[in-house]
Amino acid sequence: MSSTNFSKCTTFGIIDCNNFYVSCERVFQPALENQPVLVLSNNDGCVISRCNRVKALGIKMGVPYFKIKDLVQKNNIQVFSSNYALYGDMSRKVMHALASLTPKIEIYSIDEAFIDFSNFEPRDLIKLSFEVVEKVKQWTGIPVTLGIGLTKTLAKVANHTAKKLKIPVFDISSQTAQNEWLPQIPIEDIWGIGRGWCKRLHAMNVFTAMDLKNQDAFQLRKISNLVLANTVSELQGKKCYDLEEGVSPRKQIIASRSFGKPLTSLTPLSQALSFHIARAAVKLRRQQSLVKDLMIFLDTSRFKNRTESYRASLTISLPIASNDSRILIGATVAGLQKIFKEGKEYKKIGVMFLEIVSKKHLQLDLFATPSNPKEAKVMELMDSINQSLGRNMVRIAAQGHLPPFIQTNRKSQSYTSCWKELLKVKASFDKMTLGTSRIPSFK
DNA sequence: TCTGGGGTCCTAGGACCC
DNA sequence: TCTGGGGTCCTAGGACCC
C-alpha cells in the first residue's frame with residue numbers, strides 16, 4: 001500500500017487504564033506499588049479490580065469476597081472498598097490529558113477512550129502513541145495501555161494483545177501482525193463476544209479471532225444478529241462503528257443499591273428508594289432532561305430459594321415529564337406500598353428512569369398547568385449547594401437521615417473530593433543538601 | 001453470615017390496525 | 001361460523017459491555 005493511500009485509512013486507538021481502581025489507590029499510596037492489591041464492590045461484596053499479582057493468584061473478577069478471605073490473608077493482599085468519587089476524578093484527569101495529546105477522543109467508559117488516529121504516517125503514529133502513554137502516566141500517575149487497529153474491534157484486540165505481552169503499545173494494523181496474532185486470540189477475548197455466542201460459535205468450530213475473521217458476515221447474519229455480523233466485518237477491517245464525539249445524554253438512568261443487611265419494613269425501604277430517586281434526578285438535571293416513565297423495583301436476595309424470594313416492579317407514568325426530586329419521590333410513595341409485601345427480607349431497591357425526554361422538547365398535557373419557574377429554581381439551588389458543600393448537604397425530607405444501609409469498611413480517603421481528607425505530605429529537609437539534585441524524603 | 005451497579009442495543013412476539 | 005395478509009408500534013427480555 002502506498003503511503004498516500006495509507007494516509008486516507010481510518011485508524012483507531014484505544015487506551016485502557018491498567019487495573020484502574022487499583023491504580024487509583026496506588027497513586028495516593030505509593031507504598032502499595034509492589035504489594036498485592038484488590039478493590040471490592042459496594043458493601044464489600046465482590047472483587048472488581050485486581051493488580052497483576054492478585055490476578056496471578058487466580059482470584060477472578062466478580063468473585064464474592066467471603067470466598068477468598070483465606071487467600072487474602074495468606075498472601076497479605078491489601079483490600080479496599082470502592083471509592084467512586086476518587087475514581088471518577090482520576091478518570092476525568094486521564095481523559096483531560098488524553099484530549100490534550102491527541103486529535104479526537106471518545107470517552108467509552110470510566111477507564112477507556114477511543115482515539116481517532118486517522119491520517120497519520122505509521123512511524124509518527126507509533127511515536128505519538130508511546131508519548132501518550134508516557135505523558136498520561138507522568139501527569140496522572142495512572143499506567144495505561146494503547147492498542148491500534150483499522151477498526152474499533154481490531155484496536156481492542158491490539159490492546160488485549162499489548163496487555164498479554166506486557167508492552168505499552170501494540171499496533172495490529174498490518175496484515176502481518178494480524179496473521180501472527182489473530183490465531184492466538186480465543187474468541188471469548190473479543191469485544192462483543194460474550195458467553196452465549198462463545199458457546200454457539202465453538203459448536204461451529206470457531207475458536208480463535210482468525211476463525212471468526214474468516215467467517216462470511218452476510219451468511220452469519222442469517223443465523224445470528226447484526227452485532228455479531230458487525231464484529232466479523234470489523235475483524236476483517238471493514239469499519240462498522242465510528243468515533244462518537246461529545247457526551248450523548250443517557251437514554252436510561254438507573255440508581256439502586258444492595259443493602260449491607262436486609263431490610264424488612266416499609267419506612268427504611270421508602271427512605272432508601274427516595275435516596276436513589278434523588279440521586280438519579282441529579283443526573284437527570286445535569287443532562288438537562290426530564291423523565292416521563294419510571295420504574296421502581298424491590299428485590300430479596302438473588303441467592304435465596306424460590307419460596308423465600310420475591311421481586312416486584314411497578315412502572316409509573318407521570319402526567320407531565322419532570323426532573324423535580326420532590327415530584328418524582330412523591331409519585332412513587334403509593335407505588336412502593338403496592339408492591340411491598342410483609343414478611344420478606346429485602347436486599348435491594350432502586351429506580352429506573354425509562355422514558356427520558358429533553359427539557360427543550362417538553363410536551364405539555366392539554367389540561368396541565370404549566371410549571372412555575374420558581375419551582376425549578378429550588379432544584380437548581382439545591383444542586384449548587386450540594387455541589388459546593390458536599391453531597392446530600394441539602395436533601396428531600398423523605399430520604400430521612402443519611403442511608404445506613406451501605407457498608408464500606410475499607411474505603412480510602414476522599415483525596416480529591418473532601419478538604420478534610422486531602423493527602424498530607426510531610427517533607428523532612430534535614431537530609432537535603434542544598435545545591436544538589438537530592439530530593440527531600442516524604443512521609 | 002457474607003454474592004455490585006449502571007449502561008446499550010437488538011429481537012421476538014403480542015396487540016392492534018387496515 | 002368460516003377466513004388473509006401485511007404493516008406498525010410497543011414491551012419484555014436477552015446478550016453484551018465496563
Side-chain angles (χ1 to χ4, degrees), chain A residues 14-21 38-50 59-70 72 79-84 87-88 91 106-114 152-153 156 159-160 187-201 221-231 240-241 244 247-262 276 279-280 283-284 287 292-293 295 297 299-304 309 311 313 315 317 345 347-356 405-410:
Chain A
I14 179 139
I15 205 152
D16 188 316
C17 302
N18 303 346
N19 316 327
F20 184 53
Y21 299 166
L38 62 78
V39 176
L40 299 173
S41 64
N42 275 307
N43 292 318
D44 297 343
C46 302
V47 175
I48 53 168
S49 184
R50 309 153 294 156
I59 294 178
K60 300 265 184 248
M61 182 73 172
V63 72
Y65 180 50
F66 72 88
K67 285 190 180 170
I68 54 153
K69 266 188 180 161
D70 286 349
V72 164
V79 178
F80 290 87
S81 303
S82 36
N83 185 347
Y84 290 108
Y87 309 150
S91 172
E106 170 194 338
I107 298 174
Y108 176 67
S109 74
I110 192 163
D111 69 334
E112 278 176 274
F114 285 103
K152 281 182 166 180
T153 306
K156 288 281 263 185
N159 191 293
H160 181 83
I187 49 170
E188 51 265 46
D189 291 344
I190 298 172
W191 189 43
I193 308 292
R195 235 183 309 166
W197 283 117
C198 194
K199 218 173 151 188
R200 287 179 64 179
L201 287 165
R221 171 73 185 87
K222 291 181 185 165
I223 54 161
S224 64
N225 62 21
L226 185 63
V227 180
L228 188 62
N230 281 348
T231 301
C240 300
Y241 304 112
E244 289 169 28
V247 263
S248 42
R250 296 266 164 266
K251 296 168 182 170
Q252 206 175 66
I253 293 171
I254 303 171
S256 72
R257 284 277 188 284
S258 301
F259 308 127
K261 282 182 188 136
H276 297 318
R279 278 199 306 136
K283 290 189 191 177
L284 196 62
Q287 66 170 37
K292 182 87 176 65
D293 296 342
M295 184 181 91
F297 60 92
D299 210 342
T300 53
S301 170
R302 288 186 288 152
F303 303 94
K304 286 246 170 187
S309 82
R311 61 194 322 182
S313 65
T315 303
S317 228
E345 296 202 323
K347 200 63 184 141
K348 187 176 188 175
I349 199 164
V351 67
M352 291 171 84
F353 290 172
L354 300 171
E355 173 89 28
I356 292 175
F405 47 80
I406 296 167
Q407 289 183 348
T408 46
N409 299 320
R410 305 151 183 279

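Labels below follow one simple rule: chain letters A, B, ... track the order of the sequence lines, proteins then strands, and each chain is numbered from 1.
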Let me know the distance between [atom1] of [X] and [atom2] of [N], rounded to the nearest Å.
| X | N | atom1 | atom2 | value |
| --- | --- | --- | --- | --- |
| A/Trp191 | C/dC18 | CH2 | P | 8 Å |
| A/Phe303 | B/dT1 | CZ | P | 15 Å |
| A/Lys199 | C/dG14 | NZ | P | 15 Å |
| A/Ile193 | C/dA15 | CD1 | P | 14 Å |
| A/Asp70 | B/dC2 | CG | C1' | 13 Å |
| A/Lys67 | B/dT1 | NZ | P | 14 Å |
| A/Phe297 | B/dG4 | CZ | C1' | 12 Å |
| A/Ile110 | C/dC18 | CD1 | C1' | 9 Å |

(message) How would you summarise protein contacts on nucleotides 5-11 of chain B per nucleotide, using B for base, S for sugar-phosphate only and - for none, with heavy-atom distances below 4.0 Å?
(response) SSSBSSS
Specify the closest pair of heavy atoms between [X] and [Y], including all atoms of both residues, with the distance to one decimal.
| X | Y | result |
| --- | --- | --- |
| A/Arg410 | A/Leu40 | CD-CD1, 4.5 Å |
| A/Lys152 | A/Glu244 | NZ-N, 4.3 Å |
| A/Val351 | A/Ala280 | CG1-CB, 4.3 Å |

(request) Give DNA chain C the dot-bracket treatment, 5' to 3': Watson-Crick (N1-N3 with N6-O4 or O6-N4) or G-U (N1-O2, O6-N3) under 3.5 Å, [ ] crossing, | other strand. (result) ....||||||||||||||
Mind checking if [X] touches a base, just sugar-phosphate, or nothing, with heavy atoms under 4.0 Å?
| X | result |
| --- | --- |
| A/Ile68 | nothing |
| A/Leu40 | nothing |
| A/Tyr108 | sugar-phosphate |

(request) To the nearest 0.5 angstrom, please state how far the OG atom of A/Ser91 sits from the OH atom of A/Tyr21. (result) 9.0 Å
(message) Rounded to the nearest 0.5 Å, what separates atom CD1 in A/Ile110 from atom OH in A/Tyr84?
(response) 8.0 Å
(message) Suppose we screen for side chain to side chain contact (heavy atoms under 4.5 Å, CB included). Which residues come up paired with A/Gln287, at least two apart in sequence or across chains?
(response) A/Pro249, A/Arg250, A/Ile253, A/Ser289, A/Ile356
(request) Determine if A/Phe66 stacks with B/dT1; use a centre-to-centre distance below 5.5 Å and an interplanar angle below 30° as the criteria. (result) no
(request) Indicate whether the side chain of A/Ser317 and that of A/Asp293 have a donor and an acceptor atom separated by less than 3.5 Å. (result) yes
(request) Could you tell me whether the side chain of A/Asn43 and the main chain of A/Ser258 form a donor-acceptor pair under 3.5 Å? (result) yes
(message) Test your reading of the model: is there a side-chain donor-acceptor pair from A/Asn225 to the backbone of A/Leu228, 3.5 Å cut-off?
(response) yes
(message) Please tell me if A/Lys347 has a side-chain N or O lying less than 4.0 Å from either OP1 or OP2 of B/dT3.
(response) yes
(message) Can you identify which nucleotide, out of C/dC16, C/dC18, B/dT3, has its nearest atom closest to the A/Trp197 side chain?
(response) C/dC16
